[in-house]
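One structure is given here, and the rest of the page talks about it.
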Amino acid sequence: MAADSVWRRLFRLWALYGSMDLLWLARGPRIAVPFILSDFVTGIATITATFLLAERFNGIGPWAKPQVLFLLGYSLLVRGLIDVLFNFNMAQVSRRIGRGQLDHLLIQPQPLWMAFLTEGFAPFSGAGMLLPGLGLTVYSVAELQLSVSGTWVALFALYLVGSIAIVLSFEYAWASVAFWAPRAAEEINSDTWRLITQLAPFPLEGIAGWALAGLLTILPVGLVAWYPARVLLRMAGPPWAPLVLPVAALIASAFATWIFTRGLNQYGRTGSSRYLSLGHRR
């Protein structure tokens with residue numbers, strides 16, 4: 001498929017799923033308002049502990065209060081963009097696998113990766129955390145009087161993509177367990193999602209070196225918001241510091257793709273165990 005036709009197809013699918021998302025909310029305020037407000041409250045609750053600590057002590061460790069606000073805003077932006085682009089269990093794909101719903105994607109006349117990129121597009125129902133995150137980020141940049149150049153903006157955008165790739169790689173790697181144990185691992189992404197998103201808004205200075213290494217590799221919480229915020233705020237670091245997140249995102253994506261592909265091969269041999277031959281769910 002030619003590159004231009006691929007992009008046309010992607011944009012058509014995003015437009016389709018975006019319009020479906022709007023129609024879902026347009027059924028009435030009784031559906032739209034509680035949904036968006038609950039999403040907003042969940043996002044604010046995620047950053048409340050860090051915000052209150054920064055407010056009480058006028059910062060956390062070497063982080064001044066405006067710097068903490070930037071960290072919180074960046075963290076909300078990452079989560080908000082994932083909610084917009086990978087909603088409807090596309091980020092928490094273990095549910096799709098464990099419930100046998102992956103079959104619904106496999107029978108569609110399009111590549112699986114294209115379905116993963118487009119089916120979760122929810123620009124209206126998933127935007128509850130996006131605007132607060134953007135507002136916090138802009139406010140903190142103004143408070144810090146950062147020199148925002150075109151290069152800085154490009155690095156900011158690249159880091160957002162890298163942070164999203166880290167989160168999704170972590171989710172998809174763990175979701176692969178559901179290919180071998182669909183019932184036991186159906187909700188594994190619920191726990192991994194809470195783990196990586198709830199820990200992301202915390203500054204990691206002051207913890208033991210072995211713990212910090214673990215939070216940048218095995219459990220890559222530090223790469224979601226803390227490390228990119230340090231680089232973007234031009235806090236102390238080696239000259240090669242800006243390269244760490246993009247390289248880590250590529251490695252994590254490659255590993256998640258490898259293990260997820262192995263799981264798909266397993267799924268191709270065994271199929272879903274959640275449905276009987278008559279189509280009824282076990």
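Only heavy atoms go into these numbers, but all of them, side chains included; no hydrogens, no water, no symmetry mates.
Between the side chains of Asp103 and Tyr267, at least one donor-acceptor pair of N or O atoms lies under 3.5 Å. Residues Ser190 and Arg95 have side chains that bring a donor and an acceptor to within less than 3.5 angstrom of each other. For the residue pair Glu205 and Trp226, a side-chain donor N or O sits within less than 3.5 Å of a side-chain acceptor on the partner.
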- [ ] Decide yes or no on side-chain contact (heavy atoms from CB on, under 4.5 Å) for Phe88 and Arg96, but give the supporting numbers first.
- [x] CA-CA 9 Å; Phe88 306 116; Arg96 294 278 188 112; 4.2 Å; yes
Open item on the list: Checking Phe121 against Leu13 for the side-chain contact (heavy atoms from CB on, under 4.5 Å) test, could you report, in this order, the C-alpha distance in whole Å, the side-chain angles of both residues, the deciding distance, and whether it holds?
Closed with: CA-CA 9 Å; Phe121 187 53; Leu13 288 171; over 6 Å; no
- [ ] Show the numbers, then the answer: is there a side-chain contact (heavy atoms from CB on, under 4.5 Å) between Gln67 and Glu143?
- [x] CA-CA 9 Å; Gln67 292 175 320; Glu143 284 289 298; over 6 Å; no
TODO: Could you walk me through whether Arg9 and Val6 pass the side-chain contact (heavy atoms from CB on, under 4.5 Å) test, one step at a time?
DONE: CA-CA 5 Å; Arg9 177 69 173 169; Val6 169; 5.7 Å; no
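At distances below 3.5 Å, at least one donor-acceptor pair connects side-chain atoms of Ser19 with backbone N or O atoms of Leu16. Of the possible donor and acceptor atoms, none in the side chain of Ser169 sits under 3.5 Å from a partner among the backbone N and O of Ile166. Checking side-chain atoms of Arg79 against main-chain N and O of Leu76 turns up no donor-acceptor pair under 3.5 Å. Remark: side-chain polar atoms of Asp21 are not paired, donor with acceptor, to backbone N or O of Tyr17 under 3.5 angstrom. Judged by distance alone, the side chain of Gln108 and the main-chain N or O of His104 form a donor-acceptor pair under 3.5 Å. A donor-acceptor contact shorter than 3.5 Å links the side chain of Asn189 to the backbone of Ser94.
The two residues Pro246 and Tyr159 come nearest to each other via the heavy atoms CD-CE1, 4.0 Å. Closest approach of Val78 to Val224, counting heavy atoms only: CG2-O, 4.0 Å. The heavy-atom pair separating Thr118 from Leu10 by the smallest distance is CG2-CD2, 3.7 Å. Ala127 and Pro123 make their closest contact through CB-O, 3.4 Å (heavy atoms, listed as atom of the first residue, atom of the second, distance). Between Gly73 and Leu136, the shortest heavy-atom distance links the atoms CA-CB, 3.7 Å. The two residues Trp14 and Leu117 come nearest to each other via the heavy atoms NE1-O, 3.0 Å.
Around CD1 of Ile218, the count of heavy atoms belonging to other residues, nucleotides or ligands within 6.0 Å does not exceed 12. Within a 6.0 Å radius of CE in Met235, other residues, nucleotides and ligands contribute more than 12 heavy atoms. Annotation: Trp63, atom CH2; neighbour count of heavy atoms from other residues, nucleotides and ligands within 6.0 Å is above 12.
A continuous path of Ile, Leu, Val, Met, Phe, Trp and Tyr side chains, each step under 4.5 Å between heavy atoms, connects Trp240 with Val231, placing both in one hydrophobic cluster. Two different hydrophobic clusters hold Trp193 and Phe202 under the rule that ILVMFWY side chains link at heavy-atom gaps under 4.5 Å. The hydrophobic cluster containing Leu131 does not contain Leu25, counting ILVMFWY residues as joined when their side-chain heavy atoms lie under 4.5 angstrom apart, directly or transitively. No chain of hydrophobic side-chain contacts below 4.5 Å, direct or via other Ile, Leu, Val, Met, Phe, Trp or Tyr residues, connects Tyr172 to Ile259. Hydrophobic clustering of Ile, Leu, Val, Met, Phe, Trp and Tyr side chains at less than 4.5 Å, counting indirect connections, keeps Leu232 apart from Val247.
Ser147 is not listed as a side-chain neighbour of Trp152, based on a closest heavy-atom distance of 4.5 Å or more. Using a 4.5 Å heavy-atom cutoff, the side chains of Leu216 and Val244 are not in contact. You'll find the side chain of Phe124 stays beyond 4.5 Å of the side chain of Trp24, heavy atoms only. Under the 4.5 Å side-chain criterion, counting only non-hydrogen atoms from C-beta, Ser163 is in contact with Leu245. Two residues are said to be in side-chain contact when any heavy atoms from C-beta on lie closer than 4.5 Å; Leu215 and Ile207 meet this criterion. Side-chain contact check for Leu71 versus Arg230: every heavy-atom pair is 4.5 Å or farther apart.
Ring centroid separation for the pair Phe70 and Tyr139 does not come in under the 6.0 Å cut-off. Between Phe156 and Tyr74, the ring center distance clears the sub-6.0 Å criterion. Ring to ring, Phe116 and Trp113 are not that close: their centroids are 6.0 angstrom or more apart.
A salt bridge links Glu186 with Arg99: the closest approach of a Lys/Arg side-chain nitrogen to an acidic carboxylate oxygen falls below 4.0 angstrom.
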